[in-house]
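What follows is a single structure, written as structure tokens, with notes after it.
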Amino acid sequence: MDYQAFRECGKLVFRDNFLRDMYTRKLAKALAEWNVIVATIPEDWKFRDESYTDPVNFDLSVAHNILSKCRSDDFWDPLWKK
């Protein structure tokens, strides 16, 4: 988290329980629609090149697993406790 671009903003936002609850609800809503969202990802976002030969190194299942922890303090606390 030391090099995350918005780390300082996170310290302000995620200490606020109202905002944290709001983002938790937004993430939960997105997770409920995960399959639809993933199905609508444009094909060109999945590759680094215009020829579609160099796929991006991004695992959607890992992202889903991480975001699924949004209801846990362990998800939010590292964002602002440093």
task: Starting from the C-alpha separation in whole Å, work towards a yes-or-no answer on side-chain contact (heavy atoms from CB on, under 4.5 Å) for Trp45 and Val56.
output: CA-CA 8 Å; Trp45 288 14; Val56 297; over 6 Å; no
Minimum-distance pair of heavy atoms, taken over all atoms of [X] and [Y]:
X	Y	result
Ile37	Ala30	CD1-O, 3.5 Å
Asp49	Asp54	OD1-N, 3.0 Å
Ile41	Lys46	O-CE, 3.9 Å

message: Can you confirm whether Asn57 sits close enough to Arg48 that some side-chain heavy atom of one is under 4.5 Å from a side-chain heavy atom of the other?
response: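 Side chain of Asn57 against side chain of Arg48, heavy atoms only: contact under 4.5 Å found.
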Is [Y] reachable from [X] through a run of I, L, V, M, F, W or Y residues, each pair having side-chain heavy atoms under 4.5 Å apart?
X	Y	answer
Leu31	Met22	yes
Trp34	Phe58	yes
Leu27	Leu60	yes

task: Only counting residues at least two apart or in another chain, list the ones meeting side chain to side chain contact (heavy atoms under 4.5 Å, CB included) with Val62.
output: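 By the side chain to side chain contact (heavy atoms under 4.5 Å, CB included) rule, Val62 matches Asp59, Ile66.
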- prompt: Ser51 side chain to Thr53 main-chain N or O, any donor-acceptor pair under 3.5 Å?
  reply: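 Here the side-chain-to-backbone pair does not exist.
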query: Step by step, would you call Asp21 with Lys26 a salt bridge (charged side-chain N to carboxylate O under 4.0 Å, His left out)?
result: CA-CA 9 Å; Asp21 289 345; Lys26 286 183 178 200; over 6 Å; no
- prompt: Could you walk me through whether Thr24 and Phe75 pass the side-chain contact (heavy atoms from CB on, under 4.5 Å) check?
  reply: CA-CA 10 Å; Thr24 298; Phe75 178 83; over 6 Å; no
query: If you measure from CZ on Arg20 to SG on Cys70, what distance do you get to the nearest 0.5 Å?
result: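 These two atoms lie 10.5 Å from each other.
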query: Just how far is it from atom NZ of Lys29 to atom CD of Glu33, taken to the nearest 0.5 Å?
result: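 One gets 8.0 Å once the value is rounded to the nearest 0.5 Å.
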